[in-house]
Amino acid sequence: MDYFIELFFGGLTRGSIYALIALGYTMVYGIIGLINFAHGEIYMIGAFTSFIVATVLSIYGFPLLAIVVIAALAAAVWSSAYGVTIEKIAYRPLRHAPRLSPLISAIGMSIFLQNYVLLAQTSDFLPFPALIPEFAFMEPVAHIVGSSDMVILVTTALVMLALTLLIKFTRIGKAMRATAQDRTMAMLVGINVDRVISATFVIGSALAAIGGMLIASHIGQINFYIGFIAGIKAFTAAVLGGIGSIPGAVLGSLVLGLTESFATGYVSSDYEDVFAFSLLVLILIFKPSGLLGKAETKKV
Amino acid sequence: MSEAILNVTNLTMNFGGIRALDSVNIDIYPGEIVALIGPNGAGKTTFFNCLTGIYTPSSGEIRLRNPETGKETRLNGMKPNRITEKGMARTFQNIRLFANMSVLENVMIGRHCRTHSLIFGAIFRNPATRKEEREIIDTSYKILKKVKLHKQVNEQAKNLSYGAQRRLEIARALATEPFLLLLDEPAAGMNPKETEALVSLIRLICSEGHSILLIEHDMKLVMSLSDRIFVMDYGKKIAQGTPEEVRSNPAVIKAYLGEDVDA
Amino acid sequence: MFPVNELKRSLLVSIWFAFLTFPIMVIKVDPIERIVTWRWDNMFFVAIGSFVLSILVKVYFVRKERRAGSKKAQTALTEPFVHRILREPRFLYPLCLACLAFAILFPHLFSAYQTNIMTTALMYVVLGLGLNIVVGVAGLLDLGYVAFYAVGAYSYALLNMHFGLGFWIVLPIGGLLAAFVGVLLGFPVLRLRGDYLAIVTLGFGEIIRLILENWNDFSQGPSGIANISRPGLFGIDLSFSASINYIYYLVVGLVIFTIFVVNRLQSSRLGRAWLALREDEIACQAMGIDKTRTKLIAFSLGAFWAGLVGVIFAAKTTFVNPASFTFLESAIILSIVVLGGMGSIVGVILGALTLILLPEYLRALAEYRMLAFGGILVVMMIFKPEGLISNVRRSYQFKKLPSSESE
C-alpha cells in the first residue's frame with residue numbers, strides 16, 4: 001500500500017510539472033492555433049537560468065530563502081523575455097502564412113535554442129543545487145512523500161489558482177478569452193491582439209520556467225536537452241486534455257503523470273518514453289479533440 | 001417525365017443543437033436547371049455539403065441515379081471523391097481553386113477521377129500513359145475553350161479576375177464529367193456583363209446534357225434561367241415550383257419580406 | 001540615409017538582446033569548483049551583432065516594400081537566373097553532362113576521404129529528394145522521416161547478421177519494408193490535420209528509435225550492430241579504397257535514378273494530384289481525388305527512398321546504432337528541403353550539398369552546424385518560404401495540339 005501511495009504522489013508530482021508546461025502549449029494554441037514547438041526550450045532555459053542564478057548566489061553566500069526567491073523570479077523573467085522574443089521573431093511575421101510555416105519555424109527555433117544553450121554553456125549534465133530543504137514536519141511521511149514533492153504540489157496548486165483568477169477576472173484575462181474565441185472580432189471591439197498574444201507568451205513561459213526550476217531541483221541535474229522530452233510529454237498532456245482547454249491541460253497532465261508513474265512502478269521503466277509517445281500518437285489518431293476539447297467542424 | 005436523377009428525402013442535418021436542415025425533400029430530373037434560393041443562412045450551402053459528402057447528414061436519404069446506365073446509388077456517408085465519381089460535381093461559394101497551379105492544371109485535376117495511371121505509368125511513361133496524358137490535356141483545353149479561358153491556360157489561377165475564377169471553377173467541375181452539376185452562387189461578385197455571359201454558359205452546359213442545380217441570390221438570373229425553383233428558409237423547404245408559381249407564393253414573399261425580390 | 005529614429009530602435013533591440021542573453025551567454029558557473037566566470041565580451045558581441053542584424057532586417061523590409069510598389073517590373077526581373085537555365089535545354093543538357101562528368105571523375109580527382117564525404121552528401125541528396133515528395137510536393141510535414149531510414153538500415157543489418165543476405169538482395173527489401181511501414185503508419189494518421197500529422201510522425205519516429213534502443217534481443221540495443229558486410233561486386237572482394245569508390249558510384253547511380261523518377265512523378269497525373277492536395281484538400285476531394293490514397297502513395301514513396309538510403313548507410317558504415325536516427329536527423333533532412341525550395345529538385349540537391357558539405361570543409365563552422373540548421377528553418381520561413389530555388393511551374397504549349405488549330 002505504501003508503494004502505491006508513493007507511486008501516486010510521484011505521479012501527481014510529475015503531472016503537476018507537466019501541467020505547468022502544458023498550460024503554455026494550450027494557451028498559445030488556444031489563441032494563435034500554433035503548436036509552439038519551442039516551448040520545451042523555454043522550460044529548459046528557465047531551468048538553466050535558475051540554475052545559474054542559484055549557483056552564483058550560493059557561491060556568494062546568500063541565504064537559502066533569498067536564493068530560491070531570486071532564482072525563481074529570474075527564471076520567470078528571462079523565460080518570459082525569451083517567449084515574447086521568439087513570438088516576435090519567429091511567429092508574428094508568419095501569422096497569415098500557411099499553417100505549416102509557423103510550425104516549421106517553431107521547430108527551427110527549438111533546435112536553435114537547444115544549440116545556443118549547448119554552445120554558450122555546456123553539453124554535460126550539471127548538478128542542480130537542492131533548493132528545497134527536507135522539512136521536519138514531513139518526517140513521518142517522508143518515506144512515501146518527499147518534501148520536494150510536497151512543495152511542487154503546493155506551488156503548482158497555487159500557480160493554477162492564480163492563473164484561473166487571472167483569466168477569469170482581470171482585463172487581460174478577459175481579452176485573452178475573447179481573442180481565443182474569435183481573433184478578428186476581438187480586434188474589431190478594440191482589443192490589442194498583439195498585446196494579448198505577448199501576454200499569453202509571458203504567462204506560458206513564466207509557468208514553464210517555474211516548472212523547470214521545480215523539476216530541476218527535484219531531480220538534481222539539468223542539461224540542454226531536457227526541454228525536448230519534457231516538451232513532448234507536456235504537449236501530449238495538453239492534447240490528451242483537449243488542446244486549447246486550460247482545465248483540460250491540467251487534467252491531461254495529471255492523467256499522464258499518474259499513468260506514467262504506475263506504469264514504470266509496476267511494469268517496467270525501460271519503455272517510459274515509448275509509453276508517452278504511443279499515448280500521443282493514439283490520442284491524435286482516435287480522439288484529436290481530447291478529453292475536454294471541442295471537436296472542430298470544418299467550414300466550407 | 002423520366003425518373004429523377006437526384007432524389008433527396010427527409011434530409012436532416014444537426015450541428016450540435018442546431019438543426020441546419022430539417023426534412024428537406026428535393027427531386028431533380030434529367031435536363032433541368034433547378035435553382036435553390038432562400039435568405040442567407042437558410043441552409044442552402046449546408047444542403048450542398050450534405051449532397052457532396054463533405055458533411056454526413058444526420059438522417060434522410062440521398063439517392064443519385066445515373067440517367068444513362070440507370071444505376072442508382074445511395075450517397076449517405078460516401079466520401080466526396082466517390083460521389084464525384086458517381087457523376088455529381090460542384091463549385092464552391094468561396095472559390096476554392098488551386099491558387100498556385102495554372103489554369104490548365106486546375107482543369108486537369110478535374111480529369112483525375114476519369115483517368116487511371118499511377119506510379120508505374122508516371123515513371124515509365126508507357127504508351128497508355130502518354131495517350132491518357134494527351135487525352136487529359138486535350139479535354140481540359142476543350143473545356144477551357146467552352147468557358148472562354150483558353151487564352152490563359154498557363155496563367156496561375158490566383159491571377160485571374162473574379163469572374164474568370166468562377167468560370168474556372170465551373171470548368172474544373174465539368175472536367176469530372178458530371179451529369180448533375182451543383183453551382184454554389186456562380187454569379188456572386190460578377191458584373192452584369194459577366195453575369196449575362198454566365199447565363200448563356202449555363203444554358204450551353206445544360207444543352208450538352210448536364211442537369212444543373214444552382215444556389216443563387218441574383219433573382220433576375222434565377223427567374224430567367226431555371227425550370228423549377230426550390231425555396232428554403234430556416235433549414236426547411238418552404239416552396240417549390242416554376243418561377244411564376246414561386247414568385248406569387250405567399251410563403252416566399254414572407255420569407256423575403258424586407259428584401260427586394262427583384263434585386 | 002537612415003533616420004535617427006530607426007537607429008534608436010536598433011539600439012533598443014541590441015540592449016534587449018544583451019539583456020536577454022545575459023544569464024546564458026555571460027555567466028558561466030562551475031558548481032563543483034564553485035567558480036563563477038563572467039564573460040562580458042560575449043555581451044558586447046551580442047549587442048553589436050543584434051544591432052547590425054536589426055538594421056539589415058530593416059533595410060530588407062524597406063527594399064521589399066519599394067519593390068512591391070513596382071510589382072510588374074519585379075516579376076520580369078526576378079525570374080531567377082537558375083530558372084532560365086533550367087527551362088532552356090540548350091543550357092540544361094550541357095550543364096547536366098558537366099555535373100555527371102564531375103561526379104564520375106570525383107574519386108579519381110580527390111582522396112578517399114573526400115569521396116567518403118561526397119558519398120554522405122549525396123545520400124542526403126537522395127533523402128532530401130525523398131522527403132521532398134512528402135513535404136515539398138504533397139505538403140505533408142513528416143517529422144519522423146528518419147524512422148524509415150532506420151527501417152532500411154536495420155533491415156540490412158539484421159538480415160545480414162541473421163541470414164547472411166547480401167546487399168543487393170536487401171536493397172529492394174529494405175526499401176519495400178520502409179514503404180510498407182509507411183503504409184502501416186500512414187493509413188491511420190494521414191487523415192489528421194497538417195500540424196497534428198507532423199507531431200504524430202515525430203512521435204512515431206521517436207518510438208521506433210526507443211524500441212531499437214530498448215529491445216536488446218531484437219536490435220542489440222544502444223550498442224548497435226557491427227560488422228555488416230560491405231556491398232559485393234559479383235562476389236569479388238573489394239579492397240577498402242575500392243569499396244569506398246564502389247559505394248560512391250552506387251550512390252551517384254541512386255541519385256540519378258531518384259532525380260529521374262521524382263522528375264517524372266512531378267509532371268504526372270499523380271504529381272498534379274499531390275500539388276492540388278497541398279493547395280486545397282476539400283476542393284481536391286470534390287474533384288474526385290481520393291485524399292487518403294493519394295497521400296498514402298506520397299508517404300510510402302518517400303519512405304521507400306529513406307529505406308534505400310538506410311540500407312546503403314548500413315553498408316557504408318558497416319555499423320548501425322539507434323543514435324544515428326534521432327529527431328535531429330529528421331530535422332536536418334527537413335532543413336535541406338526547406339532551404340533548397342519545397343518541390344524543387346535542383347533546390348533540394350543544392351540544399352543538401354550546401355548543408356552537408358559546408359560544415360565538413362569549414363571545420364570552424366562544424367560546431368555551429370545544428371545552430372545554423374535551426375536558424376535556417378526560421379529564417380527561410382520568414383524571408384523566403386519558397387526556398388532558394390522555387391519550383392518551376394510547367395507550362396503547356398498549345399500550338400502543337402490539333403484541338404487548338406482553329407484558334
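Residue numbers begin at 1 in each chain, while the letters A, B, ... track the order of the sequences.
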(message) Please identify, among B/Thr115, B/Thr52, B/Thr129, B/Ile119, the residue contributing the most non-hydrogen atom pairs under 4.5 Å to chain C.
(response) B/Thr115
(message) Which residues in residues 295-305 of chain C have any heavy atom closer than 4.5 Å to a heavy atom of chain B?
(response) C/Ile297, C/Leu301
(request) State, yes or no, whether a side-chain contact exists between C/Arg293 and B/Leu118 at a heavy-atom distance under 4.5 Å. (result) yes
(message) Assess whether a salt bridge exists between C/Glu279 and B/Lys158, defined as any Lys/Arg side-chain N lying under 4.0 Å from an Asp/Glu carboxylate O.
(response) no
Would you name the heavy atoms of [X] and [Y] that are closest together and state the gap between them?
X	Y	value
C/Arg269	B/Glu133	N-OE1, 4.2 Å
B/Arg90	C/Met287	O-CE, 3.7 Å
C/Leu265	B/Ala122	CD2-CB, 3.7 Å
B/Phe98	C/Ala283	CE2-CB, 3.9 Å
C/Ala286	B/Phe92	CB-CZ, 3.6 Å

(message) Take a 6.0 Å sphere around CZ of C/Phe257 and say whether it holds more than 12 heavy atoms from other residues, nucleotides or ligands.
(response) no
(message) With a sphere of 6.0 Å drawn around CD of B/Glu208, does it hold more than 12 non-hydrogen atoms of other residues, nucleotides or ligands?
(response) yes
Would you compute the distance between atom [atom1] of [X] and atom [atom2] of [Y] and round it to the nearest 0.5 angstrom?
X	Y	atom1	atom2	value
B/His112	C/Asp290	NE2	CG	8.0 Å
B/Ser102	C/Arg272	OG	CZ	9.5 Å
C/Ile282	B/Ile54	CD1	CD1	5.5 Å

(request) Go through the side-chain N and O atoms of B/Arg125 and C/Ser267 and say whether any donor and acceptor fall under 3.5 Å apart. (result) yes
(request) Using heavy atoms and a sub-4.5 Å threshold, report which of residues 70-89 of chain B line up against chain C, by residue number. (result) B/Lys79, B/Pro80, B/Asn81, B/Thr84, B/Glu85
(request) Check each atom of B/Thr176 against the heavy atoms of chain C and say whether the ones under 4.5 Å are side chain, backbone, both or neither. (result) side chain
(request) Identify which part of B/Glu132 has an atom lying under 4.5 Å from any heavy atom of chain C, answering side chain, backbone, both or neither. (result) side chain
